[in-house]
There are 2 protein chains.
Amino acid sequence: MTTRIDRRRAATRNEILDAAWDLAAAEGLAGIAMRPLASAVGMQAPSLYEYFPSKDAIYDAMFAEGNRELAESYVALPDPADVGAREALIASTRAFIEFCNENEPRFTLMFQRSIPGWRPSDDAYQEAVDNLRRLDAFLECCGITDMRSRDLWTAIVTGLASQQVTNDPGGDRWLTLIDETVDMFLAARVAT
Amino acid sequence: MTTRIDRRRAATRNEILDAAWDLAAAEGLAGIAMRPLASAVGMQAPSLYEYFPSKDAIYDAMFAEGNRELAESYVALPDPADVGAREALIASTRAFIEFCNENEPRFTLMFQRSIPGWRPSDDAYQEAVDNLRRLDAFLECCGITDMRSRDLWTAIVTGLASQQVTNDPGGDRWLTLIDETVDMFLAARVAT
DNA sequence: GTCTATACACCGATAGAC
DNA sequence: GTCTATCGGTGTATAGAC
């Protein structure tokens, strides 16, 4: 059961995480420091350790939060059985690249290994694996069943997202390539 | 003119850079610390500042060195006029992914933003731009002239390389997808 | 229980003696 | 050119006030 004290703790944890995202947006993901983070929520640095056992644990919670947000964006995707593989792939790719493009620190944390020495915990990583499994199921509904095709498709989609975020953050230079990319990929699959 | 003392300095600089690559391989790129690096070449930390003005300058020299190595691997590529676009694209993509795959810290330094707060200097970045220009010229010889096609191709190639290095370092899971990727890309170009 | 104060070990970088 | 000593920063552990 959740007591009042548990809810208070959870609220403070969320407050800390929100401040961490703000700091990441302003100073970069690796620019989060414990003392400024603490003062952003009106604490001294050591008090943060009442809510997170380490700085890495804060990154871990942010990683998990990002994956839950990605999972939410997946539930809005159309059913390939309704709209066909082409439209479904276009919609999912667009959703993914837009997700990456709208919050650069979140993209960096989730899809690049950019925090020295940090790796997601097993629990947090499980949420990422769950998302990958959801994507696999989605691709299977689109008729992409073999591993080599899935490997190629994930490489293409992550490549587009990474180029977009890195070289045109917030823009659409690679977003506008999605339709022809999907057509190219599907045409090759029909051909073989 | 290069005096004996200049050559001695250059030799020491190379010694430091070699030790830095070794440390990066062992501790991760961001795990390079000045004191261990200094002791690896038999110095105290402050002496390093006689050869590099800052730690970032060491990353900068490593970045430039990596780009020169990449440029060297480009000169061995076949001429598209000799072997045709398909073979030329396959060879260049294979060379690039193998380059990324054979030295993970070098890949991380050159193609990911993984050192917090560090960006290559203008001089070092120029070498990366030169390499990109070489790649553009090469793609043009392969008949890939418009920007959208180049954007798509660079996204695909960097996506393959990143998946290979991240998820199967030293292996060939994405390397073996090159041939069909090139065929897919070229078929779509002929079709439109 | 939650906070503050203090301290520790490490970091990159600098000053100045030799 | 290399050293020692040191500075201000980091993440983090701990003691203890309230």
Side-chain angles (χ1 to χ4, degrees), chain A residues 1-17 19-21 23-24 26-63 105 109 113-121, chain B residues 2-17 19-21 23-24 26-63 105 109 114-121:
Chain A
M1 86 165 218
T2 61
T3 64
R4 208 160 32 212
I5 207 164
D6 285 340
R7 287 198 299 275
R8 182 79 185 85
R9 270 187 71 84
T12 306
R13 273 179 60 103
N14 282 333
E15 215 179 312
I16 294 169
L17 288 181
W21 285 116
L23 262 175
E27 310 282 343
L29 192 58
I32 300 176
M34 297 301 266
R35 273 160 264 241
L37 176 59
S39 83
V41 296
M43 294 179 181
Q44 297 294 325
S47 301
L48 292 174
Y49 289 82
E50 293 291 325
Y51 300 94
F52 296 95
S54 71
K55 187 185 178 185
D56 282 358
I58 296 178
Y59 285 128
D60 213 63
M62 295 168 80
F63 180 87
L109 179 64
R113 293 271 171 270
S114 85
I115 302 300
W118 176 80
R119 310 205 108 219
S121 69
Chain B
T2 61
T3 65
R4 212 163 25 216
I5 209 166
D6 286 340
R7 287 198 299 275
R8 181 80 188 87
R9 271 186 70 85
T12 305
R13 274 178 60 103
N14 283 332
E15 216 180 312
I16 293 169
L17 288 182
W21 285 114
L23 261 175
E27 311 282 342
L29 192 58
I32 300 175
M34 297 303 264
R35 273 161 264 239
L37 176 59
S39 83
V41 295
M43 292 179 180
Q44 295 295 324
S47 300
L48 291 174
Y49 290 82
E50 292 291 323
Y51 300 94
F52 297 94
S54 70
K55 187 186 177 185
D56 282 358
I58 296 178
Y59 285 127
D60 214 62
M62 296 168 79
F63 180 87
L109 179 64
S114 85
I115 303 299
W118 175 80
R119 311 204 109 223
S121 69

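Numbers restart at 1 for each chain; the letters A, B, ... are given by sequence-line order, proteins then strands.
- Scanning residues 50-58 of chain B for heavy-atom distances under 4.0 Å to DNA chain D yields E50(B), Y51(B).
- Distance, L23(B) CG to dG12(C) P: 11 Å, rounded to whole Å.
- The distance between atom CD1 of I32(B) and atom C1' of dC10(C), rounded to the nearest whole Å, is 17 Å.
- Using a 4.0 Å heavy-atom distance criterion, R9(A) is classed as a sugar-phosphate-only contact.
- Going from atom CE of M34(B) over to atom C1' of dT6(D) covers 17 Å, rounded to whole Å.
- Interatomic distance, T3(A) OG1 to R9(A) CZ, rounded to the nearest 0.5 Å: 10.0 Å.
- What separates CD of E15(A) from C1' of dC3(C) is a distance of 15 Å, to the nearest Å.
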If you look only at distance, which donor and acceptor atoms sit under 3.5 Å apart when one is on a side chain in residues 30-51 of chain B and the other is two or more places apart or in another chain?
unit_1	atom_1	unit_2	atom_2	d
S39(B)	OG	P36(B)	O	3.1

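- One finds the NZ atom of K55(B) at 7.0 Å from the CD1 atom of I115(B) (value rounded to the nearest 0.5 Å).
- The CG-P distance, from L37(B) to dC10(C), rounds to 17 Å in whole Å.
- Atom CG of D6(A) and atom C1' of dT2(C) are 15 Å apart (whole Å).
- Judged by closest nucleotide on DNA chain D, T12(B) is the one of R35(B) and T12(B) placed further toward the 5' end.
- Interface residues of residues 38-48 of chain A facing DNA chain C, ordered by number: M43(A), Q44(A), P46(A), S47(A); criterion, heavy-atom separation under 4.0 Å.
- Listed by chain and residue number, T2(A), R4(A) satisfy the side-chain contact (heavy atoms from CB on, under 4.5 Å) test with R7(A) (two or more places apart in sequence, or in another chain).
- Within 6.0 Å of CZ in R119(A) there are 12 or fewer heavy atoms belonging to other residues, nucleotides or ligands.
- In this structure, S114(A) and L29(A) approach most closely via the heavy-atom pair OG-CD2, 3.9 Å.
- With sequence neighbours excluded, the residues satisfying side-chain contact (heavy atoms from CB on, under 4.5 Å) with A57(B) are F52(B), P53(B), S54(B).
- One interatomic measurement links the two molecules: OH of Y49(B) to C1' of dT6(D), which rounds to 14 Å at whole-angstrom precision.
- Applying the side chain to side chain donor-acceptor pair (under 3.5 Å) test to T12(B) and every residue at least two apart in sequence or in another chain returns R8(B).
- Shortest non-hydrogen contact noted between W21(B) and P105(B) is CZ3-C, 4.2 Å.
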